[in-house]
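Take a look at the structure set out below.
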There are 2 protein chains.
Amino acid sequence: MNLETALQKLKEKGYKRTRQRERILEIFVKQDQYIAAKSILKEIQEDFPGVSYDTIYRNLYLLTDEEILEATELGGEKHFRLGCGTQGHHHHFICTDCGKTKSIEFCPMESINENLKGYDIENHKFEIYGKCPVCS
Amino acid sequence: MNLETALQKLKEKGYKRTRQRERILEIFVKQDQYIAAKSILKEIQEDFPGVSYDTIYRNLYLLTDEEILEATELGGEKHFRLGCGTQGHHHHFICTDCGKTKSIEFCPMESINENLKGYDIENHKFEIYGKCPVCS
DNA sequence: ATTTTATTCGTAATCATTATTATTTCGAGA
DNA sequence: TCTCGAAATAATAATGATTACGAATAAAAT
């Protein structure tokens, strides 16, 4: 996803186009990997010294809700990356060192055969963690 | 695993048998499911009103290191349960309303057949989200 | 330009977890 | 049984990530 597509998506939902929001998106467009809130804050502070965690988290969650970003948890911290909306449903291997990912086409929901009668399934998460070839 | 086996295991390693440690183990033996540190603390405080988080975490990690407990992360909190021998590795359906979980015996890692050569796999997560029968 | 409303800033609170230090308890050996 | 040193605990404070809040600001609608 590119910057303009993401901004367009926000505009359609009635969200305002702010400099901070733009800057956050830029970071994700540039770096195709999972990034921690802390790193986002640090990078944004170069342009907006007064930016607060409130702004960072509010936007990260907003963008995640709007399915522009995807979230996961690495080492006790939430990390975010640009969504893969166009590429169809898939999962990821995630490097716990650098945050880079590799797509996994296999989806466990296709193979699962458990008795979940009465359970209303809305979503699922399947992720493999470890070290990528570069980091291992 | 039963209480005596676990205590025996600790004794062999030279760890002392304390009332708190015993009580923590009892809880896990009685409830065969993942439990958060907070819940352990609450239950222990009925017998030992002054027990501190330090004691809880120190023992949970000790027991995990000694492979008596297993740890995982659910909803941003570390959870622990008795190690294999009773139930084995499994995953969860998690209700997004009430937070209750249901065990899923199926593990996608057994069925996956992707090319991950060069990737050092350390861990994985498979969770299904939705509404449990009570909440749906 | 004015108004409306979302968004941000600055700061404080919260929550889980970890660390510190003095005190207590366990249990091995006398 | 008693004593003693090591281990464990209690009480509390610190940390780090995340969330919350009121006042101020900025985007966009009229």
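Quick caveat: nothing in here was measured; it's all calculated off a predicted structure. Side chains included, hydrogens not; waters and symmetry mates left out as well; all remaining heavy atoms used. We name chains A, B, ... by the order of the sequence lines, and we start the count at 1 in each one.
A salt bridge links A:Glu66 with A:Lys13; the closest basic N to acidic carboxylate O contact falls under 4.0 Å. Using a cut-off of 4.0 Å between Lys/Arg side-chain N and Asp/Glu carboxylate O, B:Glu12 and B:Lys9 are scored as not salt-bridged. For the pair B:Arg23 and B:Glu26, the salt-bridge criterion is met [side-chain N within less than 4.0 Å of a carboxylate O].
Separating the CD atom of B:Glu77 from the P atom of C:dT14 is a distance of 17 Å, rounded to the nearest angstrom. Put simply, CG on B:Leu10 is 14 Å from C1' on C:dC26, counting in whole angstrom units.
A search for ring pair (Phe, Tyr, Trp, His ring centres under 6.0 Å) contacts involving B:His124 returns B:His89, B:His91, not counting sequence neighbours. Residues satisfying the ring pair (Phe, Tyr, Trp, His ring centres under 6.0 Å) test with B:Phe106, not counting sequence neighbours, are none.
The nucleotide range of DNA chain D contacted by chain B, defined by atoms under 4.0 angstrom from heavy atoms of the protein and reported 5' to 3', is D:dG5 to D:dA11.
The number of heavy atoms from other shown groups lying within 6.0 Å of CG (B:Asn113) does not exceed 12. Taking a 6.0 Å sphere around CD of A:Glu67, one finds it holds 12 or fewer heavy atoms contributed by other residues, nucleotides or ligands.
In terms of heavy-atom proximity, A:Cys95 sits nearest to A:Cys135 at SG-SG, 3.7 Å. Heavy-atom minimum distance, A:Ile104 versus A:Phe93: CG1-N, 3.6 Å.
Atom SG of residue A:Cys107 and atom CD1 of residue B:Ile112 lie 10.5 Å apart, to the nearest 0.5 angstrom.
DNA chain D is contacted by B:Tyr15, B:Lys16, B:Thr18, B:Gln20, B:Arg21 of residues 12-25 of chain B, taking any non-hydrogen atom closer than 4.0 Å. Applying a 4.0 Å cut-off to non-hydrogen atoms, the residues of residues 57-75 of chain A that approach DNA chain C are A:Arg58, A:Asn59, listed by residue number. Taking a 4.0 Å limit (strictly below) on heavy-atom distances, residues 39-47 of chain A does not reach DNA chain D anywhere.
Using cut-offs of 30° and 60° on the angle between ring planes, the pair B:His90 and B:Tyr34 is tilted.
Shown are A:Arg81, A:Gln33, A:Glu127; of these, the side-chain hydrogen bond (donor to acceptor under 3.5 Å, both in side chains) with A:Thr101 is made only by A:Arg81.
Hydrophobic clustering, with ILVMFWY side chains joined whenever heavy atoms are under 4.5 angstrom apart, groups A:Leu60 together with A:Val29.
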